[in-house]
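The structure presented is a predicted model; accordingly, all values stated were derived computationally and were not measured.
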Amino acid sequence: MTKRLFFLLITLLFFSCGSETQQPTVLRGNAFGTTYAIQYFSDTPWDAEKGIDSVIYKVNKSVSTYLPKSDISRINQGDTTIVTDAIFKEVFRISEVVYTNSKGYFDPTIGVLRNAYGFGEEKPLEQMDSITLDSLREFVGFRKVKILSNGTVRKNHPEIYFDFNAVAKGYGIDLIGRYFESKGVENYLIELGGELLAKGENVGKDTSWLAGVESIDSDLENRTASAIIKLDNRAMASSGNYRKFRIDTLSGQKYVHTINPLTGKAQQSDVTSATVLAPNCALADAYATAFMAMGLQRSKELLPKLAKVEAYLTYVDATNSPREYITDGFQELISE
């Protein structure tokens with residue numbers, strides 16, 4: 001296939017094409033600090049919004065660091081009596097898989113560093129020198145935490161701060177998908193905060209669900225798609241640093257939102273964006289974050305070992321020139 005993705009593709013759009021026939025039901029709302037839009041086909045009317053709200057509430061109650069009374073917030077605050085629910089345990093398990101496969105480049109105990117750099121729920125530290133960084137790194141490391149048989153969490157250091165934001169939103173999308181399937185819905189497309197989960201097909205168009213990948217230089221007020229991807233029973237998520245950074249007002253230092261858990265530094269690797277296809281949105285979400293920290297070479301070495309995970313990565317080479325890397329499986333899904 002000769003068609004190539006344009007340089008620096010990151011934000012996702014969704015749409016369908018074809019002749020107008022049966023129309024899907026479309027739902028729109030707010031969740032996880034962003035918006036969602038869902039298309040689905042069902043012959044039976046039901047109160048889908050109520051079920052979606054219930055899923056969102058349960059996910060937030062379990063793993064939202066933005067809610068001070070959520071389970072994860074109370075655990076972060078040092079409450080050792082919290083018995084984790086099924087959501088927390090599953091997000092923890094998925095995180096452990098990606099942590100292991102990425103050799104530590106994906107690590108949800110990075111919360112103390114995210115807060116220190118000003119990307120979390122707390123004010124950034126006024127000074128981030130090597131001594132401060134070394135002291136904070138003591139509280140980072142997924143091997144330093146464990147869910148015990150009684151469901152409570154053991155942390156080697158009480159200061160360890162869980163941050164599941166790089167996987168929890170994707171997992172929430174997966175739960176919404178499971179909810180729709182429990183209602184007998186076989187064909188749906190969920191878009192939430194730019195991440196996508198597709199099942200079945202666009203029945204009204206008799207075609208696959210299609211996703212548009214948006215260019216980095218797309219106008220925020222008039223976004224356009226540079227390439228079209230067929231989403232056949234898979235999820236799609238992305239990560240990038242081109243719009244997510246913070247400038248320290250005192251030092252002028254630029255901090256990107258991707259933090260290397262192994263060094264503790266908020267420095268961009270040679271990978272500038274990652275768009276990932278996976279069987280579910282939690283994995284797509286987590287691996288997109290992991291590849292940003294891992295860099296190109298490590299990502300290229302890991303990708304062939306991951307079942308049903310494909311990626312499009314943009315990066316800069318040794319001369320600081322823009323380049324792209326597309327796995328064969330991702331390339332095959334680009335629609336002509």
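Checking Val167, Val153, Val145, Val63 one by one against Phe92, the side-chain contact (heavy atoms from CB on, under 4.5 Å) holds for a single residue, Val145. Screening Asn156, Thr100, Thr109 against Arg143 for a side chain to side chain donor-acceptor pair (under 3.5 Å) leaves a single residue, Thr100. When Leu175, Ile173, Val91 are each tested for a side-chain contact (heavy atoms from CB on, under 4.5 Å) with Val59, only one passes: Leu175.
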- Do Glu310 and Val276 pass the side chain to side chain contact (heavy atoms under 4.5 Å, CB included) test, and can you show the C-alpha distance, the side-chain angles, and the key distance before you say yes or no? CA-CA 6 Å; Glu310 306 293 342; Val276 177; over 6 Å; no
- Let me see the working for Ser73 and Thr65 under side-chain hydrogen bond (donor to acceptor under 3.5 Å, both in side chains), right down to the final yes or no. CA-CA 5 Å; Ser73 291; Thr65 56; 6.0 Å; no
- Message: Is there a side chain to side chain contact (heavy atoms under 4.5 Å, CB included) between Lys265 and Leu113? Walk through the geometry before answering.
- Response: CA-CA 8 Å; Lys265 296 181 179 180; Leu113 291 171; over 6 Å; no
- Message: Apply side chain to side chain contact (heavy atoms under 4.5 Å, CB included) to residues Thr34 and Leu192 and explain how you reach the verdict.
- Response: CA-CA 7 Å; Thr34 184; Leu192 195 158; 3.5 Å; yes
- Task: Check the pair Tyr287 / Asn101 against side-chain hydrogen bond (donor to acceptor under 3.5 Å, both in side chains), numbers first and verdict last.
- Result: CA-CA 10 Å; Tyr287 278 119; Asn101 289 343; 2.8 Å; yes
- Task: List the steps and the verdict of side-chain hydrogen bond (donor to acceptor under 3.5 Å, both in side chains) for Ser42 and Thr44.
- Result: CA-CA 5 Å; Ser42 176; Thr44 305; 4.9 Å; no
- Message: Using the rule given for ring-ring contact (aromatic ring centres under 6.0 Å, His included), can you reason through Tyr40 versus Phe180, listing the C-alpha separation, both sets of side-chain angles and the distance that settles it, and then say yes or no?
- Response: CA-CA 9 Å; Tyr40 70 96; Phe180 272 83; 5.0 Å; yes
- Message: Evaluate Tyr171 against Phe164 for ring-ring contact (aromatic ring centres under 6.0 Å, His included), listing each step before the verdict.
- Response: CA-CA 10 Å; Tyr171 182 72; Phe164 286 131; 9.9 Å; no
- side-chain hydrogen bond (donor to acceptor under 3.5 Å, both in side chains) between Thr272 and Thr314, worked out: CA-CA 6 Å; Thr272 51; Thr314 63; 2.7 Å; yes
- Hey, mind stepping through Ile75 and Phe88 against side chain to side chain contact (heavy atoms under 4.5 Å, CB included) and telling me if it holds? CA-CA 11 Å; Ile75 291 170; Phe88 193 104; 3.9 Å; yes
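The side-chain heavy atoms of Glu96 and Lys146, taken from C-beta on, include no pair separated by under 4.5 Å. Put simply, the side chain of Asn202 does not reach to within 4.5 Å of the side chain of Leu189, judged on heavy atoms. For the pair Lys308/Pro279, a side-chain contact is recorded, criterion being any heavy-atom separation below 4.5 Å from C-beta on. By the 4.5 Å heavy-atom criterion applied to side chains, Ile190 and Tyr36 are not counted as neighbours. Within the 4.5 Å cutoff, side-chain heavy atoms of Leu333 are placed close to those of Arg234. No side-chain heavy atom of Val185 sits less than 4.5 Å from a side-chain heavy atom of Phe41. By the 4.5 Å heavy-atom criterion applied to side chains, Phe330 and Thr275 are counted as neighbours. Considering only heavy atoms from C-beta on, Ile160 comes within 4.5 Å of Lys144 through its side chain.
Without hydrogens or angle criteria, Asp174 side chain to Ala282 main chain gives a donor-acceptor distance under 3.5 Å. Counting only distance, with no hydrogens or angles, the side chain of Glu49 and the backbone of Gly29 share no donor-acceptor pair below 3.5 Å. A donor-acceptor pair is defined here as one N or O able to donate and one able to accept, closer than 3.5 Å; such a pair exists between the side chain of Asn187 and the backbone of Glu201. Checked by atom type and distance alone, the side chain of Trp209 pairs as donor or acceptor with a backbone atom of Tyr188 at under 3.5 Å. Listed for the Asp107 side chain is no donor-acceptor partner under 3.5 Å among the backbone atoms of Val140. Judged purely by atom type and a 3.5 angstrom limit, Arg298 uses its side chain to pair as donor or acceptor with the backbone of Met294. Not a single donor-acceptor pair under 3.5 Å links the side chain of Ser95 to the backbone N or O of Pro108. Using a distance-only test at 3.5 Å, with no hydrogens or angles considered, a donor-acceptor pair links the side chain of Asp270 to the main chain of Leu296. The closest donor-acceptor contact from the side chain of Ser102 to the backbone of Phe106 lies under 3.5 Å. The backbone N or O of Lys50 lies less than 3.5 Å from no partner atom in the side chain of Ser54, so there is not a single donor-acceptor pair.
Grouping the Ile, Leu, Val, Met, Phe, Trp and Tyr side chains by contacts below 4.5 angstrom, directly or via other members, places Ile38 with Trp46. Ile52 and Leu67 end up in different hydrophobic clusters when Ile, Leu, Val, Met, Phe, Trp and Tyr side chains are linked at under 4.5 Å.
Looking at every heavy atom in both residues, Gly170 comes nearest to Cys281 through O-CB, 3.3 Å. Contact between Ser299 and Leu313 at its shortest, heavy atoms only, is CB-CD1, 3.8 Å. Considering all non-hydrogen atoms of both residues, Val309 and Ala278 come closest at CG2-CB, 4.3 Å. Of all the heavy atoms in Ala211 and Met236, the pair that sits closest is CB-SD, 4.0 Å.
Between Glu181 and Arg178, no side-chain nitrogen of the basic residue sits less than 4.0 Å from a carboxylate oxygen of the acidic one, so the salt-bridge criterion is not met. A salt bridge is defined here as a Lys NZ or Arg NE, NH1 or NH2 lying under 4.0 Å from an Asp or Glu carboxylate O, and Lys199 with Glu186 fails to meet this definition.
Distance check, rounded to the nearest 0.5 Å: CD of Glu159 to OG of Ser135 gives 10.0 Å. The line from NZ of Lys230 to CD1 of Ile334 is 11.5 Å long, rounded to the nearest 0.5 Å. Note that OH of Tyr315 is 10.0 Å distant from OG of Ser321, once rounded to the nearest 0.5 Å. Interatomic distance, CZ of Arg114 versus CG of Leu136, reported as 14.0 Å (0.5 Å rounding). Note that CG of Asp71 and CG of Asp79 are 9.0 Å apart. Values are rounded to the nearest 0.5 Å. Of the inter-residue distances, the one linking Leu306 atom CG with Leu283 atom CG reads 9.0 Å to the nearest 0.5 angstrom.
Counting heavy-atom neighbours within 6.0 Å of Asp328 CG, excluding the residue itself, gives a total of 12 or less.
In this pair, Tyr99 and Phe142 present their aromatic rings tilted. The plane angle is within the 30 to 60° band.
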